[in-house]
Amino acid sequence: MNGLCLDIWEARPDVPGRAVVLPDGCCDLIVAEAPGAPPRWCVSELMATAKRVDFAAGVRMKGFRLRAGTRLDHGRLLAGLDGVAPDDDRAILARLADHGRLSADINDALMALEASPSVTGSARQLGLTVRTLQRRVLRETGVSPLFWQRLARIRRAGRDLAGEAPLAEAASRHGFADQAHFS
């Protein structure tokens, strides 16, 4: 792996279907291989809401999950992948490194937004004004600091639910007004 890629995943469904993809703050470089067709590369968008994705039977999908805040030159990356075998992870990771970047400032800002209950607290922790943090995060990620903070809050609550915490308790612990608001 390189500094931009968190994980590599793969799926090959036996039957056609539809999946719900939840927003997690990451984008993916994805290659789809249909039998008898050349590989198709794309970069997923940063999602603010859940998205339904249709998939066909027998199509192999492989994805490279990127760190939150990674910026890519999509055109150059996709052009650089022309002719690269989908299983050549080394070449793919090299293309990601050539055409992507994650600034240390944004990485620090996203970590501060995850750890603090408020944008003001995050800005203070980073030694920035709230407005400077807002401009920097919006410029580098395309979304506001509030998006990142809400996403972190929902992810923490989701981890509680995975541990089988009661819904009302998880809602309360993570600052939701009530169980319905959390749902």
Step by step, work out the side chain to side chain contact (heavy atoms under 4.5 Å, CB included) result for Leu151 and Asp24. CA-CA 7 Å; Leu151 181 63; Asp24 65 358; 5.5 Å; no
Can you name the nearest heavy-atom pair linking Ser122 to Ala112, along with the distance? OG-O, 3.1 Å
More than 12 heavy atoms of other groups within 6.0 Å of Arg40 CZ: no
When rounded to the nearest 0.5 angstrom, what distance separates SG in Cys27 from CG in Leu4? 12.0 Å
Is the closest side-chain heavy-atom distance between Arg60 and Glu10 below 4.5 Å? yes
Between Arg95 and Arg90 (side chain of the first, backbone of the second, donor and acceptor by atom type, cut-off under 3.5 Å), is there such a pair? no
State, to 0.1 Å, how close Leu6 and Cys26 come at their nearest heavy-atom pair, and which atoms those are. CD1-SG, 3.9 Å
All heavy atoms of Ala91 vs all of Val84, minimum pair found to be CB-CG1, 4.0 Å
Has Asp82 got more than 12 heavy atoms of other residues, nucleotides or ligands less than 6.0 Å from its CG? no
Is there side-chain contact between Leu102 and Arg71, with heavy atoms separated by less than 4.5 Å? no
For the residue pair Trp148 and Gly25, what are the closest heavy atoms and their distance? CH2-O, 3.3 Å
Let me check something: do Leu128 and Phe147 share a hydrophobic cluster, defined by ILVMFWY side-chain heavy atoms less than 4.5 Å apart, either directly or through other members? yes
Step by step, would you call Arg155 with Glu114 a side chain to side chain contact (heavy atoms under 4.5 Å, CB included)? CA-CA 10 Å; Arg155 290 177 75 177; Glu114 183 176 348; over 6 Å; no
Taken in chain and number order and not counting sequence neighbours, the residues that satisfy side-chain contact (heavy atoms from CB on, under 4.5 Å) with Leu66 are Thr70, Leu72, Leu96
Could you measure the distance from the OG1 atom of Thr120 to the CG atom of Leu133? Nearest 0.5 Å is fine. 9.5 Å
Presence of salt bridge, Asp73 and Arg101, under 4.0 angstrom: no
For a quick test of reading the model, state the closest non-hydrogen atom pair linking Trp9 to Arg65 and the distance between them. NE1-NH2, 4.2 Å
Measuring from atom OG of Ser118 to atom CZ of Arg124, what distance do you get when rounded to the nearest 0.5 angstrom? 6.5 Å
Is it true that a side-chain atom of Glu33 and a backbone atom of Val59 form a donor plus acceptor pair closer than 3.5 Å? no
Do the side chains of Val137 and Val143 join up, straight or via other hydrophobic residues, at under 4.5 Å, putting them in one cluster? yes
Atom of Ser103, atom of Glu140 and distance for their closest heavy-atom approach: OG-OE1, 4.4 Å
Pair Lys62 + Asp87: basic N to acidic O under 4.0 Å: yes
For Ile92, run the side-chain contact (heavy atoms from CB on, under 4.5 Å) check against Val31, Ile8, Leu29 and tell me which one passes. Leu29
Hey, does Trp41 have a side-chain heavy atom less than 4.5 Å from the side chain of Pro39? yes
Looking at CG of Asn107 and CZ of Arg67, how far apart are the two atoms once the value is rounded to the nearest 0.5 Å? 7.0 Å
Check whether any side-chain heavy atom of Phe64 sits under 4.5 Å from a side-chain heavy atom of Asp28, and report yes or no. no
So for atom CZ, which belongs to Arg135, do other residues, nucleotides or ligands contribute more than 12 heavy atoms lying within a distance under 6.0 Å? yes
Is any side-chain heavy atom of Leu78 closer than 4.5 Å to one of His99? no
Quick one: OG1 on Thr141 to CG on Leu46, what's the gap to the nearest 0.5 Å? 7.0 Å
Nearest-0.5 Å distance that lies between atom CG in Asp54 and atom CZ in Arg18: 4.5 Å
